[in-house]
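Computed from a predicted model, the values in this text were never measured in an experiment.
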Amino acid sequence: MFTRNALKQGLALAAILSATPALADDYAIHAGRMIDGHTQKVRTNVTIIVDDDRIAAIEDGFTTPEGFEVIDLSSSTVLPGMFDVHSHVTGGLRSRNRMAVLPERIAIQTAANMRAILMSGFTYVRDVSGNIDVLKATQESIDSGIIPGPRMKFTGYSLTPTGGPADFSKAMDPNWVRLDGADTSNIVNSPDEAIKAVRERRQRGAEAIKINASGGVASTGVDVNRQVLAEDELEAIVDTAHSLNMTVAAHAHGHTGIRASLLAGVDSIEHGTYSDEGDYKIMKEKGVYMVPTLYAANEIREQAINNPDNFPPDVRDKAINVTPQMSGNLTRAYRYGVKIALGTDQLGYKPLGDSAMEFVYMTEAGMTPMDAIIAATGNAADLLGADDLGRLKTGKLADIVAVAGDPLADITELQRVRFVMKGGHVYKTGGAPVIED
């Protein structure tokens with residue numbers, strides 16, 4: 001049986017030794033059903049003891065240690081805070097004139113996006129291509145409690161060659177001065193430039209790197225089957241990133257870009273549309289994750305069909321013809337035994353905060369609801385090196401969410417998160433945000 005006094009004595013000593021902050025509120029969460037995020041087992045009628053920012057114990061039955069506040073989720077399903085490992089949290093400005101979007105406007109939009117993401121039950125995101133200064137300021141503001149939001153890692157703008165998918169100067173008059181704060185330090189055309197770009201991103205706060213290994217659906221002028229970074233550039237990026245303890249995510253649709261990225265040693269393949277069995281074999285042997293991003297596939301296809309004039313002709317054609325192939329990639333990768341992590345790649349055509357729609361697409365592609373949940377919790381935490389998160393387990397950080405029904409019976413329950421706790425602090429309960437003084 002968990003005893004409060006024993007834990008308090010241990011934490012008090014730890015506080016003296018490490019100057020930890022004062023303890024937060026203590027809770028006894030009565031969970032009717034509990035999904036732990038890393039096993040297939042569902043436990044019923046358990047108590048999760050939260051002391052300060054961590055899970056101190058998980059006990060059978062509904063218990064209430066003296067001095068702990070009860071959170072009654074006895075008719076709900078409780079699970080770890082969820083991850084979106086392929087996010088664009090500065091998005092939501094697609095309908096506006098890009099040349100008129102200032103960094104300040106992006107920052108305000110990002111703050112609103114982060115609040116919406118947290119309230120939807122996603123307590124961790126990895127942003128994979130955005131204004132690095134806005135992202136760093138947002139991360140610091142969340143960590144210091146100025147604004148609410150999920151935990152975050154970010155890459156800055158993805159590394160790409162001249163004319164590649166993330167070369168934002170394409171089709172732009174060079175006399176224009178860019179007003180959205182974008183720089184050109186993400187353009188690399190040699191191994192030396194690639195090494196410098198990785199080091200610069202690390203210095204500016206990035207903990208991960210995203211590369212463009214192939215053309216993209218949403219970018220004009222580059223076929224998705226074309227490999228855009230050379231093998232020596234890919235190897236330089238991966239070796240440098242890994243030496244700095246950074247993970248590397250490879251945007252890759254076409255087979256040649258996928259294979260080159262895998263041979264270079266990336267940590268995840270984002271999209272992976274035209275992967276073949278040989279690619280899956282390498283991924284399984286090396287433990288490389290597939291991030292299928294089916295939300296973005298459906299989002300941009302819907303936009304291209306309904307608003308075709310809003311897209312360059314090649315982007316419109318790719319959105320309609322390439323994206324349906326992305327679901328089949330997940331089906332094949334999952335059957336082969338490749339590790340899957342959830343990432344939406346929301347492109348900003350819709351308001352951010354509905355990342356849980358990805359679960360619907362993943363299960364339609366053949367994943368079981370439990371495996372889809374693990375892709376967003378334990379697997380995602382493993383990919384990002386977030387060892388303290390993604391699992392409901394004694395000693396882990398208390399990022400905990402809950403839904404009223406059973407997501408294993410109806411995966412859409414995850415779109416209706418009723419309770420959100422991050423680091424032992426309650427941000428949403430009874431379906432409503434908690435406003436703290």
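- With hydrogens and angles ignored, the 3.5 Å screen pairs a side-chain donor or acceptor of T363 with a backbone N or O of V360.
- Under a 3.5 Å cut-off, the side chain of K284 and the backbone N or O of Y336 do form a donor-acceptor pair.
- Checked against ring-ring contact (aromatic ring centres under 6.0 Å, His included), F83 has the following partners two or more places apart in sequence or in another chain: Y124.
- A donor-acceptor pair is defined here as one N or O able to donate and one able to accept, closer than 3.5 Å; such a pair exists between the side chain of R418 and the backbone of G430.
- A donor-acceptor contact under 3.5 angstrom links the side chains of E270 and S268, judged on distance only.
- Side-chain contact check for D36 and T39: at least one donor-acceptor pair (N or O, by modelled atom type) lies under 3.5 Å.
- Between the side chains of T344 and E358, no donor-acceptor pair of N or O atoms lies under 3.5 Å.
- In this structure, the side chains of I320 and D317 stay at 4.5 Å or more apart for every pair of heavy atoms.
- K422 contributes a side-chain N or O that, together with a main-chain N or O of G149, makes up a donor-acceptor pair within less than 3.5 Å.
- A salt bridge links K136 with E140: the distance from a Lys NZ or Arg NE/NH1/NH2 to an Asp or Glu carboxylate oxygen falls below 4.0 Å.
- Side chain to side chain, N131 and T90 fail the donor-acceptor criterion of an N or O pair below 3.5 Å.
- Side chain to side chain, R416 and T412 meet the donor-acceptor criterion of an N or O pair below 3.5 Å.
- Side chains of I209 and I211 form a contact here, defined as non-hydrogen atoms less than 4.5 Å apart.
- At a cut-off of 3.5 Å, with distance as the only test, no side-chain donor of Y27 or D51 sits close to an acceptor on the other residue.
- Checked against the 6.0 Å centroid threshold, H88 and H86 count as a close aromatic pair.
- At least one donor-acceptor pair closer than 3.5 Å links the side chain of S129 to the backbone N or O of S158.
- Residues N329 and Y280 have side chains that bring a donor and an acceptor to within less than 3.5 angstrom of each other.
- Ionic pairing of D223 and K318 is not present here: no N-O contact between side-chain nitrogen and carboxylate oxygen is shorter than 4.0 angstrom.
- Inspection of the D127 and S87 side chains reveals no N or O donor paired with an N or O acceptor under 3.5 Å.
- With salt bridges taken as basic N to acidic carboxylate O contacts below 4.0 Å, one links R259 and D279.
- Residue R33 is tested with L408, L79, V42, V46 for a side-chain contact (heavy atoms from CB on, under 4.5 Å); the sole match is V42.
- When side chains are defined from C-beta on, V224 counts as touching Y274, because their heavy atoms get closer than 4.5 Å.
- With a 4.5 Å cut-off on side-chain heavy atoms, H251 and S214 count as touching.
- The closest side-chain donor-acceptor pair between Q346 and Y295 falls under 3.5 angstrom.
- Residues that satisfy the ring-ring contact (aromatic ring centres under 6.0 Å, His included) test with H30, not counting sequence neighbours, are F62.
- Within the 3.5 Å criterion, the main-chain N or O of I237 finds no donor-acceptor partner in the side chain of T240.
- For the pair M119 and Y427, the minimum side-chain heavy-atom distance is below 4.5 Å.
- Under the 3.5 Å distance criterion, with hydrogens and angles disregarded, a donor-acceptor pair is assigned to the side chains of D399 and T123.
- Salt bridge R335/E277: absent, no basic N to carboxylate O contact under 4.0 Å.
- Salt bridge status for R332 with D276: absent, with no side-chain N to carboxylate O gap under 4.0 Å.
- N186 places a side-chain N or O within 3.5 Å of a backbone atom of A166 that can act as its donor or acceptor partner.
- In this structure, T377 contributes its side chain and G37 its backbone to a donor-acceptor pair below 3.5 Å.
- Side-chain polar atoms of D143 and Q139 form no donor-acceptor pair below 3.5 angstrom.
- For the 3.5 Å distance criterion, the side chains of D406 and T77 fail to qualify, holding no donor opposite an acceptor.
- When side chains are defined from C-beta on, V85 counts as touching L384, because their heavy atoms get closer than 4.5 Å.
- In this structure, Y349 and F311 have tilted ring planes: the angle between them lies in the 30° to 60° band.
- Side-chain contact of D382 with Y289: a donor-acceptor pair under 3.5 Å is present, judged by distance alone.
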Could you check T293 against D345 for side-chain hydrogen bond (donor to acceptor under 3.5 Å, both in side chains), going step by step and ending with a plain yes or no?
CA-CA 6 Å; T293 66; D345 191 23; 4.7 Å; no

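- Residues I258 and T273 come closest through the heavy atom pair CD1-N, 4.4 Å.
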